[in-house]
Amino acid sequence: MTTARTWAQTAAEAGDAELALEAYGTAVGLLPLLAWRGLDRTVQEKRLTAVTGLAGDAAAWAIAAGQPERAVELLEQGRQVLWSQALQTRSDLSALAAVAPALADDLDRTRRELDGTEASPIVELPARPGWEMGRDLLTSALGGPYRVDTEDAGHRRRLAERWEGLVAEARRQLGFGNFLRPPSFAALQPATTGGAAVLVNASR
């Protein structure tokens with residue numbers, strides 16, 4: 001990411017719009033890796049904070065290069081890194097299930113584990129003499145019984161690696177080459193049916 005941003009800034013300083021767009025596009029494409037789903041959410045957010053404004057700069061250079069449609073794609077890709085991960089793990093797998101049911105089942109199982117729906121049972125705090133007040137205060141503060149988090153970082157990384165392997169396998173299926181990839185302008189455009197979408201961008 002550091003190298004890609006340096007490349008982009010150098011091209012921008014030289015006023016080469018085409019090269020700057022290529023470099024910024026590369027950097028934006030690295031965002032999902034920077035905030036890899038195998039990392040803790042706090043780490044993901046901290047890493048993304050370090051590259052705030054990247055997608056806006058990329059979009060600005062796309063416009064300078066005469067490619068406004070590419071600008072829309074870069075803004076969408078940049079603004080929804082963590083959101084797209086959540087959407088991907090909840091994506092409808094029915095189309096894939098029609099051609100590769102076992103693969104779709106594996107993806108569904110893995111996404112549920114990543115979502116945490118199969119982890120950490122609810123554990124009530126012990127009701128021992130003298131503990132009642134502390135138990136009640138903690139239960140109230142947490143909004144319910146204390147949930148024990150049993151998923152360690154290593155387990156999450158393994159789940160993320162499995163997810164990526166399954167997605168790669170899905171993309172090898174006929175007709176699924178763009179499975180869970182960032183949306184194209186053509187895929188985004190129907191959102192403007194009956195009206196318009198306005199994107200306001202700020203960049204140096």
Side-chain angles (χ1 to χ4, degrees), residues 1-91 95-96 107 114 157 160-193 195-204:
M1 176 61 79
T2 300
T3 303
R5 293 179 73 194
T6 301
W7 173 28
Q9 290 161 6
T10 302
E13 289 169 3
D16 189 331
E18 292 288 344
L19 188 60
L21 172 56
E22 181 184 355
Y24 273 113
T26 299
V28 171
L30 290 172
L31 287 174
L33 183 60
L34 189 71
W36 185 53
R37 68 174 67 248
L39 298 171
D40 179 78
R41 182 60 175 253
T42 303
V43 176
Q44 290 178 315
E45 292 174 351
K46 183 177 180 180
R47 286 184 166 198
L48 290 175
T49 299
V51 293
T52 298
L54 177 64
D57 290 340
W61 281 104
I63 293 169
Q67 299 185 43
E69 293 183 358
R70 179 64 176 141
V72 173
E73 293 173 346
L74 289 167
L75 283 174
E76 183 71 8
Q77 188 175 352
R79 76 173 183 84
Q80 61 158 9
V81 177
L82 297 180
W83 179 238
S84 66
Q85 288 184 6
L87 288 176
Q88 286 176 1
T89 52
R90 293 164 176 80
S91 179
L96 181 64
L107 273 165
L114 278 167
R157 284 196 297 272
E161 289 166 356
R162 186 202 306 168
W163 171 266
E164 290 180 351
L166 291 170
V167 169
E169 185 178 346
R171 288 173 179 166
R172 289 193 290 270
Q173 304 295 314
L174 184 63
F176 286 85
N178 290 321
F179 183 70
L180 298 185
R181 292 191 190 279
S184 65
F185 181 82
L188 294 167
Q189 196 171 23
T192 65
T193 300
V198 178
L199 285 75
V200 179
N201 189 52
S203 168
R204 291 185 297 275

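Worth knowing before you read on, the calculation uses all heavy atoms, side chains too, and leaves out hydrogens, waters and symmetry mates.
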Which atom of [X] lies closest to which atom of [Y], heavy atoms considered:
X   : Y    : value
A8  : A20  : O-CB, 4.4 Å
A71 : I63  : CB-CG1, 3.8 Å
Q9  : Y24  : CG-OH, 4.1 Å
L75 : A59  : CG-CB, 3.5 Å
A23 : W7   : CB-CD2, 3.3 Å
L96 : F179 : CD2-CZ, 4.1 Å

- Message: W36 vs E161, test: side-chain contact (heavy atoms from CB on, under 4.5 Å). Steps then yes/no.
- Response: CA-CA 10 Å; W36 185 53; E161 289 166 356; 3.7 Å; yes
In Å and rounded to the nearest 0.5 Å, what is the [atom1] to [atom2] distance from [X] to [Y]?
X   : Y    : atom1 : atom2 : value
L33 : E164 : CG    : CD    : 8.0 Å
R47 : L31  : CZ    : CG    : 12.0 Å
L21 : D57  : CG    : CG    : 12.0 Å
M1  : T6   : CE    : OG1   : 11.0 Å
L19 : T10  : CG    : OG1   : 9.0 Å

- Query: Do E73 and P183 touch side chain to side chain, with heavy atoms closer than 4.5 Å?
  - Reply: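 E73 does not reach P183 side chain to side chain.
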- Message: Less than 4.5 Å apart, side chain to side chain, heavy atoms only: is that true for R181 and Q77?
- Response: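 When only atoms from C-beta onward are counted, Q77 and R181 do not touch, as no gap falls below 4.5 Å.
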- Any donor-acceptor pair under 3.5 Å linking the side chain of D16 with the backbone of A11?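 No; judged by distance alone, with no hydrogens or angles, the pair does not exist.
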